[in-house]
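Input: a single structure, listed below in structure tokens.
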Amino acid sequence: MTDGVNAEAIWSHAGRQPRIAIIGAGMSGIAAVVKLGKAGYTDLTVFEKSNRVGGTWRENTYPGLSCDIPSRWYSFSFALKPDWSHRYPYGPDILAYMEDVARDFGVMDKVQFNMPVDELQYDAPRWRLTTAQGDVQDFDVVIAATGVLHQPVVPDIEGLQKFAGACFHSARWDHSVDLVGKRVGIIGTGSTACQIVGAISEQVGELHVFQRTPHWIAPLPQKEYSPSWNRLMARFPVLQRLAYHWYFQILLHTFSAATVGNRFMQRLITRICLKHLKESVPDSALRAKLTPDYAATCKRLILCSDFYPALARPNARLVTDSIARIEPGGVRTASDQLHELDVLVLATGFNAAAFILPTRVIGEDRVELARRWDGAPRAHRAVALPGFPNFWMLEGPTSPVGNLSLITVTEHQVDYVISMLDRMKTDALSAITPRQSAFENYNSAMGEAIKHTTWYTGGCESWYIDKSGVPNLYPWSPAQYLEEMRNPDFSEYHLLS
Ligand code: NAP
């Protein structure tokens with residue numbers, strides 16, 4: 001591989017720092033810069049398509065935006081925050097936290113803003129990166145920190161373009177549109193829609209919620225932290241660390257366990273959701289429409305306390321009739337009823353098979369990543385791919401791990417990448433790339449194991465399921481994944497000198 005290549009061109013031969021490109025300045029990009037820096041890798045350039053850090057927390061600004069992972073855990077382990085205002089953080093607070101961390105840890109100096117990356121091409125031993133502006137730079141290592149859910153899906157519904165009122169996707173919220181007193185329709189009843197419905201129901205004139213499938217919804221035990229409690233946290237940082245691990249362990253052994261086969265937890269979650277529904281919705285007909293007929297946790301479990309009460313309000317209407325088409329005046333359903341609307345919100349989710357795409361990534365032998373994946377993205381241990389040397393993904397395919405805090409997962413993946421770089425340095429390697437056999441063994445074991453999870457057996461459709469027909473998720477215990485990340489098995493890789 002290195003024949004004819006000047007030794008100076010290979011960072012580990014020349015004894016210099018690797019030039020590392022990080023794509024994306026969201027949560028993963030921030031974690032990568034900080035952790036790589038601490039490990040001594042400081043020649044870092046972050047390419048950010050937008051003008052701000054924060055990723056999903058920058059792009060989503062819809063009313064009610066919040067996170068159903070506790071704030072004391074939805075934090076970088078190296079930057080715990082004593083003064084979260086709530087147990088479950090609100091979107092603007094998370095964005096402010098991301099920006100604070102990026103500023104305090106010197107991430108901002110590394111970021112090139114408004115710099116989308118169009119193409120990455122492997123030309124051994126380097127990656128050639130081309131930005132949308134046509135700037136070309138070479139890097140030794142590329143880390144894709146582009147997130148999972150960043151490409152909004154606009155539903156293919158007849159007449160959508162002809163709607164006369166305001167219409168926008170939840171991730172492209174139009175804040176110039178005043179909802180007060182308006183007739184508002186919302187398509188979708190996933191995590192996003194539930195938060196929006198809860199937040200806007202009191203101000204709108206009419207609320208029409210178009211539900212294709214009912215979701216399982218557990219109550220969110222929200223709580224505001226008192227100033228005295230937060231002062232105590234600040235005074236004794238050990239309490240912050242205890243809280244971080246407390247929430248981590250609780251979620252690991254309850255919700256995460258239920259998704260990968262813990263029947264007791266599965267039944268418990270089902271009971272909690274049904275109790276929540278019964279207590280929130282007195283009307284038995286409405287309750288019946290909201291009761292799922294598939295297993296809880298098959299789709300992403302929703303934690304939200306104000307969706308059901310919002311639907312029980314007199315100005316709200318749950319529409320379960322399927323949508324026939326959209327007309328200038330509103331949404332017409334299969335029973336030929338027109339729901340007249342001023343505003344239509346599309347809370348219809350994201351293309352979960354994109355990851356770094358649409359950036360064109362070309363590996364060895366000019367193999368294109370988009371072709372290689374063909375709608376069913378796979379990776380080796382979620383972070384690497386045969387034929388794409390020195391290219392690492394954070395939150396790559398199968399990464400959503402047991403609904404753990406994505407920050408925890410990302411941090412472990414960055415540590416894994418650091419182990420690889422350390423190995424390159426000590427052994428003077430030019431490239432590391434997973435063996436095809438290791439990739440195939442890992443993915444075929446995953447393919448078998450996933451068939452025993454509720455995501456597969458639960459009897460639902462969800463964004464977890466890709467073009468191959470199986471959920472694109474890690475099927476074993478989340479604790480096992482973190483262990484895999486802590487202890488890289490180098491025998492799975494070609495280590496090229
Ligand atoms: P989603 O879970 O994919 O939900 C999309 C909704 O739109 C579903 O109810 C779906 O119905 C409906 N839908 C899609 N196309 C439709 C069509 N053509 N006609 C009618 N209905 C249609 O998307 P999301 O709510 O944006 O959430 C995505 C993920 O983001 C979540 O699963 C979660 O992982 C993450 N999230 C997390 C939080 C948090 O607090 N941590 C908050 C928001 C989002 P079906 O169910 O029938 O497909």
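We count ligands from 1, going down the list as the structure has it; atoms in each ligand are counted the same way.
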Hey, are Glu461 and Lys299 close enough for a salt bridge, meaning a charged N less than 4.0 Å from a carboxylate O? no

Pro155 heavy atoms within 4.0 Å reach ligand 1 at atoms 18 (N)

Distance-only N or O hit between ligand 1 and Asp68, under 3.5 Å: yes

On a heavy-atom basis, I'd like to know which of Ile187, Ile186, Ile69, Leu65 is closest to atom 21 (N) of ligand 1. Ile187

Should the ring pair Trp216 and Tyr294 be called parallel, tilted or perpendicular, given that the plane angle runs from 0 to 90° and is split at 30 and 60? perpendicular

Hey, which atoms in ligand 1 end up nearer than 4.0 Å to a heavy atom of Arg300? 32 (O), 33 (C), 34 (O), 41 (N)

Please report which non-hydrogen protein atom sits nearest to atom 30 (O) of ligand 1, along with the residue it belongs to and the distance in Å to one decimal place. Leu149 CD1, 3.4 Å

Check Tyr62 against ligand 1 and report side chain, backbone, both or neither, counting heavy atoms closer than 4.0 Å. side chain

I'd like to check whether Asp156 has a polar contact with ligand 1, where a contact means an N/O of the residue lying under 3.5 Å from an N/O of the ligand. no

Heavy-atom proximity to atom 25 (O) of ligand 1, picking from Val331, Thr192, Val153, Ile196, points to Thr192

In ligand 1, the atoms that come under 4.0 Å of a heavy atom of Lys299 are 45 (P), 46 (O), 48 (O)

Atom indices of ligand 1 within 4.0 angstrom of Thr213 heavy atoms, with elements: 45 (P), 46 (O), 47 (O)

among protein heavy atoms, the one nearest atom 28 (C) of ligand 1 is Trp463 NE1, 3.8 Å

Regarding Asp321 and Ser335, is there a side-chain donor-to-acceptor distance under 3.5 Å anywhere? yes

Does any N or O of ligand 1 fall below 3.5 Å from an N or O anywhere on Phe350, backbone included? no

Centroid separation Phe210 to His339 less than 6.0 Å: yes

By number and element, which atoms of ligand 1 are closer than 4.0 Å to a non-hydrogen atom of Ala347? 5 (C), 6 (C), 7 (O)

Does some side-chain heavy atom of Val343 sit less than 4.5 Å from a side-chain heavy atom of Phe168? yes

What residue and atom, counting heavy atoms only, is the protein's closest point to atom 48 (O) of ligand 1, and at what distance? Arg212 NH2, 3.0 Å

Can a cation-pi geometry be assigned to Arg72 and Tyr225, taking NZ or CZ under 6.0 Å from the six-membered ring centre and within 45° of the ring axis? yes

Geometry only, no angles: is Ser66 polar-contacting ligand 1 at N/O separations under 3.5 Å? yes

Checking the N or O distance criterion of under 3.5 Å, is ligand 1 in contact with Ser170? no

Distance check, rounded to the nearest 0.5 Å: Ser191 atom OG versus Arg300 atom CZ? 5.0 Å

Is the shortest side-chain N to carboxylate O distance from Asp466 to Arg378 below 4.0 Å? yes

May I ask you to establish whether Arg372 and Phe439 are in a cation-pi arrangement, using a distance under 6.0 Å from NZ or CZ to the six-membered ring centre and at most 45° from the ring axis? yes

Which ligand 1 atoms are under 4.0 Å away from a heavy-atom of Gly349? 3 (O), 5 (C), 23 (O), 26 (O)

Out of all atoms in ligand 1, which are within 4.0 Å of some heavy atom of Gly188? Include the element for each. 6 (C), 7 (O), 9 (O), 12 (C)

Could you check whether the SG atoms of Cys298 and Cys460 sit less than 2.5 Å apart, since that is the cutoff I want to apply? yes

Quick one: sort the His175 and Trp173 rings into parallel, tilted or perpendicular, breaks at 30° and 60°. tilted

For Cys67, the atoms of ligand 1 under 4.0 Å from one of its heavy atoms are 40 (O)

Would you mind reporting whether Leu149 and Trp463 have side-chain heavy atoms less than 4.5 Å apart? yes

